[in-house]
Each structure stands twice: as C-alpha cells, then as structure tokens.
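Just so you know, these numbers come straight off a predicted model, no measurement behind them. All values below come from the heavy atoms of this structure, side chains included, with hydrogens, waters and symmetry mates left out. Count residues from 1 along the sequence.
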Amino acid sequence: MRRFSFDIICKFSFEIDIECFIPFFFPDSKSADSFDLASKLSVQRAMSPLPLIWKLKRLLNIDSEKKLKEAIGVVDNVVMEMIGQRRREMTMTTTGLNKSDLLSRLMGFIEDDQ
C-alpha cells in the first residue's frame with residue numbers, strides 16, 4: 001500500500017510513472033522506502049506528546065531525526081533529478097513543455113529549482 005501511495009504521488013505530482021508498485025519487477029525502491037520512512041517518522045513527530053524531545057533530537061542529529069534527515073535527503077535527490085529532467089524537456093522544445101501536472105505548473109511560476 002505504501003508503494004502504491006508513492007507511485008500515485010509521483011504520477012499525479014510529477015507525471016512520472018516510476019512503477020515501484022510492481023514488486024516483481026522492482027523489488028526494492030530506495031526512493032519509495034525513504035519516502036515511507038520519512039512519512040512514518042513525520043507522523044511520529046507530530047504525535048509526540050513533548051515536541052521538545054524531537055526538537056532536541058533534531059538539534060543533536062540523533063536517533064529518528066537523523067534517519068528522517070537522511071530519508072528526506074534521498075527523496076530530495078529524486079525530486080531534484082525529476083526537476084532537472086523536466087527543465088531539460090522544457091528547454092528542448094521551442095514552445096516549452098505544456099504539461100498540466102503539479103511540477104510543471106510550479107516550475108512555470110518559479111525560476112529557482114531549489
């Protein structure tokens with residue numbers, strides 16, 4: 001179910017089908033696993049009775065906050081790769097890429113890819 005969620009988000013947000021939902025062909029997907037871990041740790045953070053604990057862990061870069069930072073880094077790299085690919089597609093055509101997915105719309109308004 002988690003891979004399905006990641007697959008759907010990528011399909012509708014970036015109009016890219018990463019097909020990580022098919023475990024037979026793609027048994028391990030580091031980006032999907034990292035997305036899942038980041039989601040899980042974010043929920044745990046939100047449900048924490050004392051926000052001071054996770055803030056202290058984040059400050060010290062230990063335990064779940066270290067894992068969260070690493071997982072977000074992997075997902076961030078995948079997204080930056082998608083943005084670079086879309087930017088190249090947009091510059092290759094003279095009229096620009098006319099897609100209606102979320103990524104293309106955001107890139108139309110924002111100059112800085114970061």
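The number of heavy-atom neighbours closer than 6.0 Å to CD of Glu81, taken from other residues, nucleotides and ligands shown, is 12 or below.
Taking CD of Glu65 as the start and CG of Leu41 as the end, the distance is 7.5 Å to the nearest 0.5 Å. Interatomic distance, Ser64 OG to Lys57 NZ, rounded to the nearest 0.5 Å: 4.0 Å. Between atom CG of residue Leu59 and atom CG of residue Leu56 there is a gap of 6.5 Å, rounded to the nearest 0.5 Å.
Minimum heavy-atom separation, Pro51 to Pro49: CD-O, 3.6 Å. Of all heavy-atom pairs spanning Ser31 and Val74, the tightest one is CA-CG1, 4.2 Å. Across every non-hydrogen atom of Asn61 and Lys69, the tightest pair is OD1-CD, 3.8 Å.
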- Message: Pair Arg58, Arg45 - check side-chain contact (heavy atoms from CB on, under 4.5 Å), show working.
- Response: CA-CA 11 Å; Arg58 182 180 61 186; Arg45 178 196 271 185; 4.1 Å; yes
- Task: List the steps and the verdict of side-chain contact (heavy atoms from CB on, under 4.5 Å) for Asp33 and Asp36.
- Result: CA-CA 5 Å; Asp33 293 340; Asp36 181 44; 5.6 Å; no
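A side chain to side chain contact (heavy atoms under 4.5 Å, CB included) with Ser34 holds for exactly one of Ile72, Val75, Leu68; it is Val75.
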